[in-house]
Enquirer: 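Sharing a structure with you now.
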Amino acid sequence: AQRVTQPEKLLSVFKGAPVELKCNYSYSGSPELFWYVQYSRQRLQLLLRHISRESIKGFTADLNKGETSFHLKKPFAQEEDSAMYYCALSPSLRRALTFGSGTRLQVQP
Amino acid sequence: EAGVVQSPRYKIIEKKQPVAFWCNPISGHNTLYWYRQNLGQGPELLIRYENEEAVDDSQLPKDRFSAERLKGVDSTLKIQPAELGDSAVYLCASSQGTEAFFGQGTRLTVV
């Protein structure tokens, strides 16, 4: 069975500090991995996916197959980054997502 | 483009009553998902449609939940009868093979 673990429910940092949101997964094959974000009073939206290898809003995430991790990182946090972040896994693009329980990021001024 | 549209946004019902949620996916998206999100948790899949066919409904509690997607466009999710434990946010999402786009969700409170 596939599983996504986000060990931190809350991560609080000061503006300008580095951020790392942890995500570990278990899956027997080679999954697609995603980070979704939900800002206050907004819908869940895709932040980035590992196959794109892109940086969105300064965030990056590297897939480490050896450690089965997909941690989300940003070198300098901004107040507007405050949101709920969900790591998710899918066996393939059309298949359903399995989500972690989410991490709330609070960026303090 | 309005994105995925869900209604109602909020619903409060008494236990044992029926309730229905409606979803209009993004035009042209063949894949439609219903997820349930309990408080403090990530969304969990209830059912996935490819066009009008339910291709993954293994997590749908079929004794009280039902869903349909007539003509492969809009979808309805129904609970009958509702239980206290059904209180959650019900999310609809659609996809055309790349990313899934989510609706605003329906927050259901069963009292």
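Letters A, B, ... mirror the listed sequences (proteins, then strands); counts begin at 1. Note that these values count all heavy atoms, side chains included, but never hydrogens, waters or copies made by symmetry.
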Enquirer: Test: side chain to side chain donor-acceptor pair (under 3.5 Å). Region: residues 12-22 of chain A. Which pairs qualify, not counting sequence neighbours?
Expert: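 Non-adjacent pairs meeting side chain to side chain donor-acceptor pair (under 3.5 Å): Ser12(A)-Gln108(A), Glu20(A)-Lys22(A).
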Enquirer: Has Arg107(B) got more than 12 heavy atoms of other residues, nucleotides or ligands less than 6.0 Å from its CZ?
Expert: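 No.
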Enquirer: For the hydrophobic clusters of this structure (ILVMFWY residues joined by side-chain heavy atoms under 4.5 Å, transitively), does one cluster hold both Tyr39(A) and Leu105(A)?
Expert: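 Yes.
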Enquirer: Heavy atoms under 4.5 Å from chain A: which residues of residues 4-13 of chain B carry them?
Expert: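 The residues closer than 4.5 Å to chain A, in numerical order, are Val4(B).
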Enquirer: Should we count CZ of Arg64(B) as having more than 12 external heavy atoms under 6.0 Å?
Expert: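 Enclosed: over 12 neighbouring heavy atoms sit under 6.0 Å from CZ of Arg64(B).
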Enquirer: So if I take each residue of residues 38-59 of chain B and look for any heavy atom under 4.5 Å from a heavy atom in chain A, which residues do I end up with?
Expert: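 So the qualifying residues are Gly40(B), Gln41(B), Gly42(B), Pro43(B), Leu45(B), Arg48(B), Glu50(B).
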Enquirer: Consider only side-chain heavy atoms of I, L, V, M, F, W and Y, link residues closer than 4.5 Å, and tell whether Phe101(B) and Trp34(B) are in one cluster.
Expert: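 Hydrophobic grouping puts Phe101(B) apart from Trp34(B).
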Enquirer: Hey, does the side chain of Tyr35(B) reach the backbone of Ala96(A) with a donor-acceptor pair shorter than 3.5 angstrom?
Expert: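 No: the side chain of Tyr35(B) does not pair with the backbone of Ala96(A).
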Enquirer: Group every Ile, Leu, Val, Met, Phe, Trp and Tyr by side-chain heavy-atom contacts under 4.5 Å, then state whether Tyr36(A) and Ile56(A) land in the same group.
Expert: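 In one cluster: no.
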Enquirer: Within the supplied structure, the quantity of interest is the number of heavy atoms (other residues, nucleotides, ligands) at a distance under 6.0 Å from Phe76(A) CZ; does it exceed 12?
Expert: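 No, CZ of Phe76(A) has 12 or fewer neighbouring heavy atoms, counting only those of other groups under 6.0 Å.
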Enquirer: Is atom CD of Glu80(A) surrounded by more than 12 heavy atoms (other residues, nucleotides or ligands) closer than 6.0 Å?
Expert: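 Yes - once you tally the heavy atoms of other residues, nucleotides and ligands closer than 6.0 Å, there are more than 12.
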Enquirer: Report, in residue-number order, which members of residues 70-82 of chain B are under 4.5 Å from chain A by heavy-atom distance.
Expert: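 Within residues 70-82 of chain B, near chain A: nothing under 4.5 Å.
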Enquirer: Are Phe34(A) and Tyr25(A) grouped together when hydrophobic residues (ILVMFWY) are joined by side-chain heavy atoms under 4.5 angstrom apart?
Expert: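 No; Tyr25(A) is not reachable from Phe34(A) via cluster members.
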Enquirer: Nearest 0.5 angstrom please: Arg95(A) CZ to Ser95(B) OG, how far?
Expert: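 So the CZ of Arg95(A) and the OG of Ser95(B) are separated by 13.0 Å.
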Enquirer: Between Phe102(B) and Gln42(A), does the side chain to side chain contact (heavy atoms under 4.5 Å, CB included) criterion hold? Intermediate values first, please.
Expert: CA-CA 10 Å; Phe102(B) 284 81; Gln42(A) 294 188 27; over 6 Å; no
Enquirer: Between Gln6(A) and chain B, with a heavy-atom cut-off of 4.5 Å, which part of the residue counts as in contact: side chain, backbone, both or neither?
Expert: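 Looking at Gln6(A), nothing touches chain B.
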Enquirer: State yes or no: do Trp35(A) and Leu33(A) share one hydrophobic cluster built from I, L, V, M, F, W and Y residues joined by side-chain heavy-atom distances below 4.5 Å, directly or via other members?
Expert: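 In one cluster with Trp35(A): Leu33(A), yes.
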